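Below: the structure, in structure tokens.
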Amino acid sequence: MFEGKKALVLGVANKRSIAWAIAKRLADGGARTAFTFLGARIEKNVRELADSVERPPVTELDVRE
């Protein structure tokens with residue numbers, strides 16, 4: 001369904017977040033995903049979840065800057 005598409009996912013905090021549900025659906029549908037996080041406290045969770053969908057790029061992003 002999403003083959004050949006690319007998605008940047010912001011707002012993933014944990015496996016119960018709406019952003020994660022959307023990201024998982026996109027990845028399962030064939031999209032190439034990239035994830036962002038804000039702060040070291042969230043980073044571990046986001047990296048672990050991202051690794052479960054083919055190890056996409058993960059980077060810190062603060063949209064206020």
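These numbers were taken from a predicted model, which means no experiment stands behind them.
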Tell me every residue that passes side-chain contact (heavy atoms from CB on, under 4.5 Å) with A21, counting only those two or more places apart in sequence or in another chain.
none
So, using side-chain hydrogen bond (donor to acceptor under 3.5 Å, both in side chains) as the criterion, who are the partners of R64 when residues are at least two apart?
D62
Can you pull the side-chain hydrogen bond (donor to acceptor under 3.5 Å, both in side chains) pairs that have at least one residue in residues 2-22, sequence neighbours excluded?
none
Determine, using the 4.5 Å side-chain heavy-atom cutoff (strictly less than), whether V63 and F37 are members of one ILVMFWY cluster.
no
Output every pair passing salt bridge (charged side-chain N to carboxylate O under 4.0 Å, His left out) with a member in residues 28-43, not counting sequence neighbours, ordered by first then second residue.
K24-D28, E43-R47
Quick one: are F35 and L49 in side-chain contact, heavy atoms under 4.5 Å?
no
Looking only at heavy atoms, the pair that brings L61 and L38 closest together is O-CD1, 3.8 Å
Can you list the residues that meet the side-chain hydrogen bond (donor to acceptor under 3.5 Å, both in side chains) rule with N45, with sequence neighbours excluded?
none
Between V12 and F2, is there a shared hydrophobic cluster once you connect ILVMFWY residues whose side-chain heavy atoms come closer than 4.5 Å?
no
Quick note, side-chain hydrogen bond (donor to acceptor under 3.5 Å, both in side chains) partners involving residues 49-60, not counting sequence neighbours, are none
Taking side-chain contact (heavy atoms from CB on, under 4.5 Å) as the test, write out the residues that go with I22, two or more places apart.
I18, L26
E48 meets the side-chain hydrogen bond (donor to acceptor under 3.5 Å, both in side chains) criterion, sequence neighbours left out, with none
Smallest heavy-atom separation, A23 atom then T33 atom, equals O-CG2, 4.2 Å
